[in-house]
Amino acid sequence: MSQPINNRSITETYENKDVVLDVKGLRVYYETPKGDVLAVDGIDFKLYEGETLGLVGESGCGKSTAAMGILQLITPPGRIVSGEVWLDSSNLLAMSEEELRQRRWTKLALIPQGAMNSLNPTMRISAQIRDVIETHEGRKRGDDIKERILELFKMVGLPGRIYDMYPHELSGGMKQRVCIAMAIALDPMVIIADESTSALDVVVQRVVAQTMLRVKEALGVSMIMIGHDMGLMAQMVNRIAVMYAGHIVEIAGVEELFYKPGHPYSQLLIESVPSLTERKPLKITEGITHDPRNPPPGCIFQLRCPFVMDECRSVEPPIVEIRPHQQVACHLYKEQEDGSVIDVRDIATNP
Amino acid sequence: MSETLLQIRNATKVYKQGKNDVVALQDFNLTIAKEPASIVTIAGESGSGKSTIANLVLGFIELTSGEILFEGRDVSQGTANEMREYRRNVQAVFQDPFGVYNPYYRVQHVFDLVVKNFKMANNKNQSREMIEEALNVVGLYGEDVLRKYPHQLSGGQRQRIMMARAYMVKPKLIVADEPVSMVDASLRASILDVMMRLKEESNISFLYITHDLSTAYQIGDKIMLLYQGTVSETGVATDVIDTPKHPYVQLLVDSVPKPDPNIRWEGEIILPPEEEMRTTAKAGCRFYPRCPQRMDHCKNNLPPLYTVGDRGHEASCYLYDEEVMAKA
């Protein structure tokens, strides 16, 4: 971290692949009597074919709102203020409700937060999955649909005997896998998983997470995983976008982010993961400190940043690629004319 | 032996459920010494009985058999005055930092109630000083915190205020039932830090109930891992997690996702069918249906705790019984 950072010749593994989802300048605000809460305030990112992108940050940072914005599932008092979401060469934000309906599940599927409570308690498991398939593909013969559902069960490691069961007869981990089966039923291009394993016991969480990895691998689907468990992220994703108070402050490959986090907030996130192998002093931090209706001018993280400078209080930091696969929005990193990037802390210490 | 603060002896709790009684806790033993104060972790998955222990100690539910002694006296036999004293000595912090507050009242109200219920202050000045001190201990300052409504605080701050409330009555033991699991990962440290400091500076012991091994590893002294109402392994937290001996604990430690992209899970686990996992069995090792190293002997015999390491490291598994192993 103390050497100047330069050279960016290596091409990213995923940057050669096709972009399946392109989010540009997405803004989602919630209306309150005292002004709008800027929940998502202009985020940009690309999702490449076959990759899993982690979206992390503390509660209230806007990560779930961002996902709901992409899916066009924002309900009042929330509203999408601006932005574009390109999927399969069309902009979701410019579509009619009917056009969107056709694309949900078939192109873009969601495994919701607390997925286990999102199943209908009065319908059999098979009927719920059948519903998803038939809504999009029309009525099917009973035998065909059964075969297809059993095939889906097999993919997510569920036994066939749950076909005629109701949700309450299944454990949390099994319900979670039913939701995964539903999400992949129509072979979507993108799956968004919102905290989809956070309510499960450790061992069951591992089983569900490994199921997701296996399914993703088998189908080659792209995935956005939302969560705050950094350990789980390290296991599951290829790249990570770190969100703070409605902004993406860093996007990096999972190794870059864990070994050389660039943004001071990412560093803090990594340091605050409790270790299972060594006892170390606890890293204490406060939550988001500013009023989300009135973010300070300049850098969004300035009030909590240990390296805050005058510049941070007035100028919003641009996104700088500090090394291959790693983009950071922070004034600590300055791009030079020759394209290299220096860390201003190095200049300050060795003039 | 030093004096004991809390002692639980052969505690069993059975929930009647028609023909299928659920044994939530079976012959559980635990001792917390008076000096020095310590953080004892009870860990396990949902349904392991860990919250049952918290509820028993706090007196929310009654034991089916066994006894709980506080400073040598049976808690269930206490007079009204003794119970009052017990309730002061044993405080609680719960999981949900949103649900414990009445949203209509300012934070001040939480403290006022404590002062009133325990008749702690003679006048307003004294009461204000006490509240101020308690807030400082958890790292919160100033009058403005007291004037805020719960929704204006973060989950971490709310849990710290609960710690301050508990601290104010100068308890000897705090039962903390999943105090950090609903708080953001990056804010958990502030609560754990308060627990550490209350232990070291104010000599308050903790019964720390959690499903998260990594926080137990960071702050816990002794740990007890429960599986379906029985203790599977116990010892010094770092010893148990560094070198787990029980097959269940090995699986558990191995399943915690490592925050390092180059250390991935190895191998897949196959969970047995639901019916077999939700056992209501009263005989045999509870982990038998899932155990990769099970033996016939485990099916009908409940293993006792065997010494498997230093500093009181014990595991209840027949793999550590020489006689059983010789036969197998």
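Reminder, nothing fancy here: chain letters follow the sequence lines and each chain counts from 1. Source: prediction; values computed, not measured.
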To check you understand the geometry: which heavy-atom pair defines the closest contact between [X] and [Y], and what is its length?
| X | Y | result |
| --- | --- | --- |
| B:Gln218 | A:Pro274 | CG-CB, 4.1 Å |
| A:Val203 | B:Arg290 | CG1-NH2, 3.5 Å |
| A:Gln235 | B:Arg264 | O-NH1, 2.6 Å |
| A:Arg206 | B:Asp254 | NH1-OD2, 3.1 Å |
| B:Tyr217 | A:Thr277 | OH-O, 3.1 Å |
| A:Tyr259 | B:Pro261 | OH-CD, 3.9 Å |

Heavy-atom pairs under 4.5 Å with chain B: which of [options] has the most?
| options | result |
| --- | --- |
| A:Glu271, A:Met233, A:Glu255 | A:Glu255 |
| A:Met230, A:Gln205, A:Gln210 | A:Gln210 |
| A:Ala234, A:Ser272, A:Pro159 | A:Ala234 |
| A:Val237, A:Leu268, A:Leu276 | A:Leu276 |

Any non-hydrogen side-chain atom of B:Glu45 less than 4.5 Å from a side-chain atom of A:Val202?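 A side-chain contact under 4.5 Å is absent here.
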Less than 4.5 Å apart, side chain to side chain, heavy atoms only: is that true for B:Pro257 and A:Met236? no
Heavy atoms under 4.5 Å from chain A: which residues of residues 235-248 of chain B carry them? B:Thr238, B:Ile241, B:Asp242
Considering residues at least two apart in sequence or located in another chain, which fulfil the side chain to side chain donor-acceptor pair (under 3.5 Å) criterion with B:Ser51?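 Side chain to side chain donor-acceptor pair (under 3.5 Å) check on B:Ser51 returns B:Asp177.
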Which region of [X], side chain (C-beta onward) or backbone (N, CA, C, O), has a non-hydrogen atom less than 4.5 Å from a non-hydrogen atom of chain B, or is it both or neither?
| X | result |
| --- | --- |
| A:Leu269 | side chain |
| A:Glu278 | backbone |
| A:Val273 | side chain |

B:Asn262, CG: over 12 other non-hydrogen atoms inside 6.0 angstrom: yes
Crowded around A:Lys34 NZ? As in, over 12 foreign heavy atoms under 6.0 Å? no
Looking only at B:Val253, B:Thr215, B:Ile219, most heavy-atom pairs under 4.5 Å shared with chain A are made by B:Ile219
Which bit of B:Ile191 comes within less than 4.5 Å of chain A, counting heavy atoms only: side chain, backbone, both or neither?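 Interface part for B:Ile191: neither.
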